Protein chains: 2
Amino acid sequence: MTDRPGRRGDGSRPRTVTNADVAAVAGVSTMTVSRVVNGTGRVSEATRERVRRAIEELDYQPNQLARSLTQGRTRTIGIVVPDITNPFFPEIVRGAEDAAWAAGYTVALANAVEDQARERAALRNLAGHRVDGVIVCSARLPDRELTDLLSAHPASVLINRQVPGGPAVSLMVDDLLGAHLAVGHLLERGRKRLALLGGPDRSASARYRREGFLAAMREAGVSVSDALLTHCEPVEDAGYEAASRWAAQARAGGPGFDGIVAYNDLAALGAVRALREAGLRVPEDVAVVGCDDIRMASAVAPSLTTLRIEKYGLGRLAVETIFALQRGRKPTDKTFAPELIVRESAP
Amino acid sequence: MTDRPGRRGDGSRPRTVTNADVAAVAGVSTMTVSRVVNGTGRVSEATRERVRRAIEELDYQPNQLARSLTQGRTRTIGIVVPDITNPFFPEIVRGAEDAAWAAGYTVALANAVEDQARERAALRNLAGHRVDGVIVCSARLPDRELTDLLSAHPASVLINRQVPGGPAVSLMVDDLLGAHLAVGHLLERGRKRLALLGGPDRSASARYRREGFLAAMREAGVSVSDALLTHCEPVEDAGYEAASRWAAQARAGGPGFDGIVAYNDLAALGAVRALREAGLRVPEDVAVVGCDDIRMASAVAPSLTTLRIEKYGLGRLAVETIFALQRGRKPTDKTFAPELIVRESAP
DNA sequence: TTGTAGGCGTTATCAG
DNA sequence: CTGATAACGCCTACAA
C-alpha cells in the first residue's frame with residue numbers, strides 16, 4: 001500500500017483523516033461523502049459504494065467537533081454527580097447511559113467531589129462543550145446560582161433537588177414519606193429511642209429527611225433527644241464515627257437508643273460496624289434503617305433494612321426527560337415513593 | 001436594554017452568545033476578545049476591562065467545540081470502564097478525574113457494560129470526539145481489535161491489560177504475585193483444599209490470576225480439584241451462586257473445601273453470603289480471600305481479607321501517563337504489586 | 001496594541 | 001443525483 005494522506009514517518013501526531021481525503025480517494029465531493037455518512041439525500045448506489053470503500057480504506061472517523069459546530073447540537077448529555085465513588089450514583093449513571101446509548105447519544109460525566117466550586121466549574125464546562133442537556137444529581141449549589149448555571153443549558157434535569165422557578169425539571173424522591181416509613185417501622189416494632197444519623201446540611205434530601213424524621217416522631221408523640229440528632233458526610237467512616245460517639249455517650253450515662261435512621265446505606269453500614277465494635281447487637285440492641293438500597297445492602301450481614309430508590313430508573317427517566325424537553329415539551333416534576341425493604345438490621 | 005443578537009421572542013432555542021457578540025458590545029475585534037479570554041498576546045488594560053465587562057454582561061461562554069477545532073486538541077481525556085457500578089472502577093475514575101482537573105482537563109466517561117460491542121463503539125465514539133487520549137480499564141476486546149482501535153487515538157493507556165506491540169502504555173497489577181500471596185496465606189494457615197472463584201475468561205486479569213493460583217498450588221505440591229475451579233461474572237450474585245453450588249456439592253459427597261480465592265471482592269462477598277446460608281462459618285469452616293480492597297471490604301462482617309490495589313493512584317498515574325505521552329515521551333509499562341490485607345474472613 | 005485574512009472539518013442551501 | 005459555496009465559532013499568522 002502506498003503513501004496516503006495521514007501517513008506519518010516521524011513520531012508526530014497523525015494527521016487525522018478528513019472528509020476531503022475520503023472525497024479525493026472516492027473521486028467525489030465532500031458533500032457526497034457527508035451524504036453517505038449521514039444517510040441523508042439521494043446518492044446512487046454506485047458512488048455510495050465507492051465512498052464506502054474509501055471510508056474503510058482510510059479508516060475515516062467523522063470529526064464530531066466539526067459536525068456539532070455546524071449542526072448546533074452535540075448529541076451529548078452531561079451528568080453531574082457529587083461523588084461517583086458513592087455507590088448510589090453509578091446506578092443512576094448507568095441508567096442514564098443506557099437510555100442515551102439507545103438514542104445514539106453520549107454521556108459526559110462530571111464528578112463534583114462534594115465540592116461546590118467543582119460543581120459550578122463542571123456545569124460551566126459542560127456548557128462550554130455545548131452539551132444538549134444536563135442532569136444534575138443531588139446538586140449542592142444554592143438555588144440562585146444553580147438557576148443561573150442551568151439556564152445556560154438548552155435542557156436540564158435535577159435529580160433529588162427542586163428549585164422553584166428554575167429552568168430545570170425535577171425528579172424527586174419523597175424524602176418526607178421515606179422518613180415516615182422508616183420511623184413508623186421502628187416505632188411499630190417497639191423501638192422508642194430513635195437516633196437520626198442525618199446527611200450533610202448542603203444536601204436538600206438530607207434536610208427533607210431530617211424534617212420528615214422530626215415530623216414523624218412528633219406525630220407519634222415520641223420525644224427526641226437532641227444528643228441523638230447528628231449530621232455526617234454520606235460515607236461509611238462518618239457513620240461509624242457518629243455511632244461510636246453515641247455508644248460512648250450512652251455508656252457514659254447519656255441518652256440510650258434502640259434505633260437509628262441513617263441518611264444513606266453507607267452511613268448505616270458504618271453505624272452497624274461501630275455498634276458491633278461497641279458490643280451492641282444489631283438488631284437486638286439497636287435496629288438500623290438505611291436509605292438507597294445500594295447493592296451491598298442485601299449482601300452484608302446483617303443485611304440492611306432500607307428505603308429502596310429506583311436509581312437506574314431515575315437515570316433513564318432523566319435522559320428521557322431531556323429528550324422530551326428537546327421536543328419542546330415541558331414535562332412536569334415527578335416524585336417517586338421510596339419503598340421500605342425490611343431485612344435483618346431492623347426486622 | 002435594546003435588542004441584541006441572541007435575543008429571542010419566540011420559544012426557540014437561545015442563539016448562543018459568540019465571540020463576535022462580545023466584540024460588538026466592547027467595540028473591538030473578535031481577536032481582541034480571544035486574546036482577553038485566553039490571556040495571550042498584549043492587550044491594553046483599558047480595552048481588556050471593556051471586554052471583560054462585555055463578557056460578563058452577555059454571560060459569554062467560549063465554544064469549546066470551535067476552539068478545539070482550530071487548536072487541534074480538546075483538553076479531554078476519555079476513560080472506558082467495563083462497568084461503572086462495579087465499585088472497583090469509580091475509584092480509578094475519581095483518581096483520573098482529579099488529576100485531569102488539576103491540569104485543566106475534562107474526563108469523558110464511557111461505560112462498556114461488560115459488552116465488547118459497546119467497548120468498541122465507545123472507543124470509536126471517543127475518537128470521533130477527538131479526545132486527546134484514552135484510558136481503557138480492563139479492556140475486554142481481543143488484542144488485534146484493541147490495537148486498531150487504540151491507534152486511532154493520539155495517546156492511550158491500558159489499565160490491567162497488556163497488548164504486545166500495541167500503541168498503549170500499560171499499567172498492570174501483578175496478578176500472578178497476587179494469586180501467590182492469596183494461596184500462600186491460606187496454605188500457611190493450614191488450609192489445604194482451596195477453591196478458585198475465577199473471573200470471566202474475557203478478562204485478562206482473570207486469566208492471570210487463575211494461572212497464578214494453579215502455579216502456586218503446584219509449587220506448594222497441593223492438588224487441586226477440578227470441581228473447585230470455576231468462572232463467574234465479577235458481581236456479588238455470581239459469587240453467591242458459585243459458592244452455593246460448591247456447598248451443595250460438598251454436602252452431596254463431592255469435594256470439600258476450606259478456602260476460597262475469589263476473583264474480586266464482590267464475588268467474595270457473594271461467596272461469604274452463600275456459605276453462611278449453607279451453614280458454613282467464615283472463617284472457621286471456610287476462609288475467603290477477595291481482591292481489590294473495595295471500601296466495603298473493611299466495612300462488612302466478617303471483614304474481608306483481600307489484595308489491595310491502588311485504584312485511585314492507578315487512575316492518577318494513567319492520566320499523568322497520557323500527559324507524558326503528549327510531551328513526546330514514551331513511558332514504559334509499569335506493574336504494581338498488590339498487597340495482602342489480612343482481615344477476619346481469612347485471618 | 002489591535003485588526004485582517006484564512007482555515008479547522010463539517011453540513012445547509014441552492015444550482016446544475 | 002451531485003457539486004459549489006457559505007457558514008458554524010474560534011484561533012494562527014501576518015499586517016498595520
Side-chain angles (χ1 to χ4, degrees), chain A residues 5-6 13-52 54-55 58-75 127-132 152 154, chain B residues 5-6 13-52 54-55 58-75 127-132 152 154:
Chain A
R13 188 167 178 146
R15 196 176 85 62
T16 58
V17 179
T18 76
N19 217 347
D21 299 326
V22 176
V25 169
V28 297
S29 76
T30 60
M31 265 317 297
T32 304
V33 175
S34 171
R35 282 193 266 256
V36 171
V37 167
N38 297 294
T40 61
R42 337 214 142 275
V43 182
S44 78
E45 195 44 57
T47 53
R48 179 185 307 279
E49 196 43 39
R50 280 216 314 284
V51 172
R52 282 226 181 91
I55 287 175
L58 300 178
D59 192 23
Y60 168 62
Q61 281 285 341
N63 185 326
Q64 300 296 340
L65 300 170
R67 185 202 288 257
S68 296
L69 193 58
T70 50
Q71 296 192 147
R73 61 170 181 174
T74 51
R75 291 187 164 281
H129 282 286
R130 299 294 188 269
V131 294
D132 294 338
Chain B
R13 188 167 178 147
R15 197 177 83 62
T16 57
V17 179
T18 77
N19 219 348
D21 298 327
V22 176
V25 169
V28 297
S29 76
T30 61
M31 265 317 298
T32 304
V33 175
S34 171
R35 282 193 267 257
V36 171
V37 168
N38 297 296
T40 61
R42 333 211 145 277
V43 182
S44 78
E45 196 42 58
T47 53
R48 180 185 306 277
E49 196 43 40
R50 279 216 314 285
V51 172
R52 283 225 181 92
I55 287 176
L58 300 178
D59 192 23
Y60 169 60
Q61 280 284 344
N63 185 325
Q64 300 296 338
L65 301 168
R67 182 200 288 254
S68 296
L69 193 57
T70 53
Q71 296 190 146
R73 61 172 180 170
T74 51
R75 291 187 164 281
H129 283 285
R130 299 295 189 267
V131 294
D132 294 337

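Computed from heavy atoms alone, side chains included, the values below leave out hydrogens, waters and symmetry copies. Bear in mind the structure is a predicted one, so any value in this text is a computation, not a measurement.
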Nearest-nucleotide check on DNA chain C, A:Val33 vs B:Thr70; residue mapping nearer the 5' end is B:Thr70
Given the options A:Arg67, A:Gln64, A:Arg130, A:Thr74 meets side chain to side chain contact (heavy atoms under 4.5 Å, CB included) only with A:Arg130
Only one of B:Val28, B:Thr47, B:Val43, B:Asn38 passes side chain to side chain contact (heavy atoms under 4.5 Å, CB included) with B:Val33, and that residue is B:Val28
Scan nucleotides 2-4 of chain D against the protein and return all N/O pairs shorter than 3.5 Å with their distances rounded to 0.1 Å.
unit_1, atom_1, unit_2, atom_2, d
D:dT2, OP1, A:Ser44, OG, 3.1
D:dT2, OP1, A:Thr47, OG1, 3.2
D:dT2, OP2, A:Ser44, N, 2.7
D:dT2, OP2, A:Thr47, OG1, 3.1
D:dG3, OP2, A:Ser29, N, 3.2
D:dG3, OP2, A:Ser29, OG, 3.4
D:dG3, OP2, A:Thr32, OG1, 2.6
D:dG3, N7, A:Arg35, NH2, 2.5
D:dG3, O6, A:Arg35, NH1, 3.3

note: A:Arg73, atom CZ; C:dT11, atom P; distance rounded to Å ~ 11 Å
Between its two end axes (five pairs each) the helix from C:dT1-D:dA16 to C:dG16-D:dC1 turns, nearest 10 degrees, through 40°
d(A:Ile55 CD1, A:Asp21 CG) to nearest 0.5 Å is 12.0 Å
The complete set of salt bridge (Lys or Arg N to Asp or Glu O under 4.0 Å) pairs with one or both residues in residues 27-48 of chain A, sequence neighbours excluded, reads A:Glu45-A:Arg48
CD of A:Glu49 to OG of A:Ser44, rounded to nearest 0.5 Å, is 10.5 Å
State whether B:Asn63 places a side-chain N or O below 4.0 Å from either non-bridging phosphate oxygen (OP1 or OP2) of D:dC8.
no
Exercise for the section: Look at the side chain of B:Asp132 and the backbone N and O of B:Arg73, then say whether any donor-acceptor pair between them is shorter than 3.5 Å. Expected result: no
Exercise. Looking for any heavy atom pair under 4.0 Å, which part of the strands does A:Asn19 touch: base, sugar-phosphate only, or nothing?
Worked result: base
B:Tyr60 atom OH is separated from D:dC10 atom C1', nearest whole Å, by 7 Å
Pair A:Asn19, A:Thr30: side-chain N/O donor-acceptor within cut-off below 3.5 Å: no
OG1 of B:Thr16 to CG of B:Asp59, rounded to nearest 0.5 Å, is 11.5 Å
